[in-house]
There are 2 protein chains.
Amino acid sequence: MNFVYWLRLLKTLSQIKGNAFMSKRPLRIADIAKKAGVSPATVSRVLNNHPYVRDEIRQRVLKIIEETGYQPNLAARSLATQRTGILGFVIPRTVHTFFSDPYFARVTEGIAQACNAHDYTLSLFLFYTVEDERRMIPRLTRKGLVDGIIVQSTHLQDEVLMRVMDGEVPFLLAGRPVAPLNVSYIDVDNVAGGYQATVHLLQLGRKRVATIAGPLTTSAGIDRLEGYRKALRERGLPVDEQLIVEGDFTEMGGYYAMRRLLPLEPDAVFVASDGMAVGALRAIREVGKQVPRDIAIVGYDDLPIAQSTTPPLTTIRQPILRFGARAVEVLLDIIENGSSPPRRVVLGTELVVRASCGATI
Amino acid sequence: MNFVYWLRLLKTLSQIKGNAFMSKRPLRIADIAKKAGVSPATVSRVLNNHPYVRDEIRQRVLKIIEETGYQPNLAARSLATQRTGILGFVIPRTVHTFFSDPYFARVTEGIAQACNAHDYTLSLFLFYTVEDERRMIPRLTRKGLVDGIIVQSTHLQDEVLMRVMDGEVPFLLAGRPVAPLNVSYIDVDNVAGGYQATVHLLQLGRKRVATIAGPLTTSAGIDRLEGYRKALRERGLPVDEQLIVEGDFTEMGGYYAMRRLLPLEPDAVFVASDGMAVGALRAIREVGKQVPRDIAIVGYDDLPIAQSTTPPLTTIRQPILRFGARAVEVLLDIIENGSSPPRRVVLGTELVVRASCGATI
DNA sequence: GTGAAAGCGCTAACAA
DNA sequence: TTGTTAGCGCTTTCAC
């Protein structure tokens, strides 16, 4: 019994059993048409919910589709319609916190849910090296792979953004671009968020309010800091540049930023992300100071972790899931109706008071 | 100047500037062929690195492709080759911790990196509702969308798994299936990991070693607990079922599990994930006990957070990134060479000693 | 309402 | 080595 014979045997067996070991040829639209005694065009109409199909025939076709488990071949459909039903979510190389910042997992979830709801498939493009970007971007930006792209906003002049802008595929930025580009974006009102947080601390009577900012190469970092400055300015308070330390949205970054801040004896800190706030709490605990008694803390994001720190974090809630969902909706709108004029969607934030700010609840 | 006129103007402008505002028709292979004075077939050969193309011609074609920025239409290629160049990563609805457990973000990263390296695109299928699954699975399991699927292993008899097994698309389970199915999977040696952790605690002289297990509906939960049992058994120690508490891989779950354990006064706990360990540490801190003096802790995963807890976590390191990378490799192998015989890949674990176990380093 | 036929843009077998 | 040609499976005019 030689190998080829054995292979053929297996193949036969698998066909008899009808399992997928070596699968028979998938059904095509023509097969369904024949079984239903209609033309492929009619089956296609049924598939795509076109009007002008006699109801009796529609039912007959649907029944056969149901019985056979027929699924249209998506590659063929894409070729014919010039649509793939896939949306891309792109994280440029310069966003190195995709993993360490739970924020991104959450946004991804929001986008995924919205894709499910709108019957789109989500493709994730995580770039790590220049080589990754060089190879994948050209595909991404040509028709035939994705119908639209959500690009995570990042450093000024990021190459990914430039090339996506230059491409043929509709796109939307997740996060305001740092430079004032004429593109569509969706963002959270980070200035308002930073402002809310800082005002809250000031209203609680704190005198030396410091901030651990996000990376000042990102609009989120810049805007939250701007909100902080605005709050001080409006109340006629001086902005002490020493009390502003830049972090990188990671726990470690928050820890080290807080260590730099501690000798300056702030009595409150607005930390521009919950992740960094966790690190800041650790730094404070290590020197034996108490939160909120000695130092009050307000974070940003309202990730689940904010409820589990000791003490629980007062924080600025971003509607992260809704952010992802809206991003998909806006992108679909752009795909349908063109990218002009650019869409600008800004979602609001909300102060969530817990224990770390020292407010009596 | 009415609206239509204005639109037409913009369109003209955009064409002059050559930007993508309203893009001209993308180039096809025939256009390149004409410019190069060869046939489409030759261009195709160049594109696909076929031999038997005269070098001079190859260069000429490549030059034109370069100049024009031509990119082949992927839908058309997919239709012709019956390959899409897309791999799917599926998270069934019953895995509700995709967001809260950083483990998944990490695995996703590993898979994404490997996809980049192998020139595949990654599609993410996060299911939340039965409805999601009902609608998306049939697509997923028919040729034309993805070339292969990585399915996150989950509860016994999960519907997703059943339907993927029944489909036409090659697949690989991430995580041993709970039931002994005749399918390919990749897993970490969780029994060995649980064993290592428990033995370590016993060797440090701990007498009442408890465990916070993962969900016992998952193979990871089951196997890590089995490792714990095995360690006690081998040393002739009794397994006190009271000292085994089931968690859910979340921080909250770890917290509550530890609260149940505290009255039983264990002097050590093997916690089956770092996330749960963070919760356990919090519960211990709240009752004023000290780690590792009163209670020693060993976690599982070696996520970055393990380095930032107080005290830093001794833990079992899983090669998560490598797990994702290997998963892709094995899946590609299955796609190339068929799913029979089933592949079984099991990666090793490693004990990382930090402070929480009380070992003098 | 329905069917015939012409693509969608690429690959691959076959012929030259 | 290269070109010709026939699909890949679906949608969509256009005619009936």
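Proteins come first, then strands; the chains are lettered A, B, ... in the order of their sequence lines, and each starts at number 1.
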Nearest whole angstrom, please: distance from the [atom2] of [N] to the [atom1] of [X].
{"X": "B:Leu27", "N": "C:dC10", "atom1": "CG", "atom2": "C1'", "answer": "15 Å"}
{"X": "A:Ile65", "N": "D:dC10", "atom1": "CD1", "atom2": "C1'", "answer": "13 Å"}
{"X": "B:Asp55", "N": "D:dT2", "atom1": "CG", "atom2": "P", "answer": "10 Å"}
{"X": "B:Gln71", "N": "C:dC10", "atom1": "CD", "atom2": "P", "answer": "11 Å"}
{"X": "B:Arg83", "N": "D:dG9", "atom1": "CZ", "atom2": "C1'", "answer": "19 Å"}
{"X": "B:Leu145", "N": "D:dC8", "atom1": "CG", "atom2": "P", "answer": "21 Å"}
{"X": "B:Asn48", "N": "C:dA12", "atom1": "CG", "atom2": "P", "answer": "7 Å"}
{"X": "A:His50", "N": "D:dT13", "atom1": "NE2", "atom2": "P", "answer": "9 Å"}

Side chain of [X] only, heavy atoms from C-beta on: which candidate in [options] is closest?
{"X": "A:Tyr70", "options": "D:dC10, C:dC10, C:dG3", "result": "D:dC10"}
{"X": "A:Arg54", "options": "D:dT11, C:dA12, C:dT2", "result": "C:dT2"}
{"X": "B:Leu79", "options": "D:dC8, C:dA4, C:dC10", "result": "D:dC8"}
{"X": "B:Ser39", "options": "D:dG9, D:dT4, C:dT2", "result": "D:dT4"}
{"X": "B:Ala76", "options": "C:dG9, D:dG3, C:dT11", "result": "C:dG9"}
{"X": "A:Ala41", "options": "D:dT4, C:dC10, C:dG3", "result": "C:dG3"}
{"X": "A:Ala80", "options": "D:dG7, D:dT12, D:dC10", "result": "D:dC10"}

Task: Under-3.5 Å donor-acceptor pair between A:Arg45 side chain and C:dG3 base - done: yes
Task: Intermediate values then yes/no, side-chain contact (heavy atoms from CB on, under 4.5 Å), B:Ile65 and B:Leu47 - done: CA-CA 9 Å; B:Ile65 289 174; B:Leu47 246 24; 3.4 Å; yes
TODO: Identify whether any heavy atom of B:Ile57 sits under 4.0 Å from a base atom; if not, whether one sits that close to sugar-phosphate; answer base, sugar-phosphate or nothing.
DONE: sugar-phosphate
- [ ] Give one of base, sugar-phosphate or nothing for A:Thr42, where a contact means two heavy atoms less than 4.0 Å apart.
- [x]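 Sugar-phosphate, no base atom in range.
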Open item on the list: One pair to check against side-chain contact (heavy atoms from CB on, under 4.5 Å): B:Phe171 and B:Thr141. What are the steps and the verdict?
Closed with: CA-CA 9 Å; B:Phe171 69 97; B:Thr141 54; over 6 Å; no
Task: side-chain N/O B:Asn73 vs C:dC8 OP1/OP2, d < 4.0 Å - done: no
Task: B:Gln82 vs D:dG9: side-chain N/O to OP1/OP2 distance below 4.0 Å - done: yes
TODO: Report the C-alpha distance between A:Asp147 and A:Tyr120 in whole Å, list the side-chain angles of each, state the deciding distance to 0.1 Å, and finish with yes or no for side-chain contact (heavy atoms from CB on, under 4.5 Å).
DONE: CA-CA 10 Å; A:Asp147 291 340; A:Tyr120 272 81; 3.6 Å; yes
Task: 4.5 Å side-chain heavy-atom contact, B:Leu161 and B:Leu181 - done: yes
TODO: Take B:Arg58 and B:Thr81, find for each the nucleotide of DNA chain D with the closest heavy atom, and name the residue whose nucleotide sits nearer the 5' end.
DONE: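 Going by which nucleotide is closer to the 5' end, it is B:Arg58.
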TODO: Between A:Val43 and B:Pro51, name the one whose nearest nucleotide on DNA chain D is closer to the 5' end.
DONE: B:Pro51
Open item on the list: So for atom CD, which belongs to B:Glu67, do other residues, nucleotides or ligands contribute more than 12 heavy atoms lying within a distance under 6.0 Å?
Closed with: yes
- [ ] For B:Asn182 and B:Met165, run side-chain contact (heavy atoms from CB on, under 4.5 Å): C-alpha distance rounded to whole Å, both residues' side-chain angles, the deciding distance at 0.1 Å, then the answer.
- [x] CA-CA 10 Å; B:Asn182 191 34; B:Met165 285 178 63; over 6 Å; no
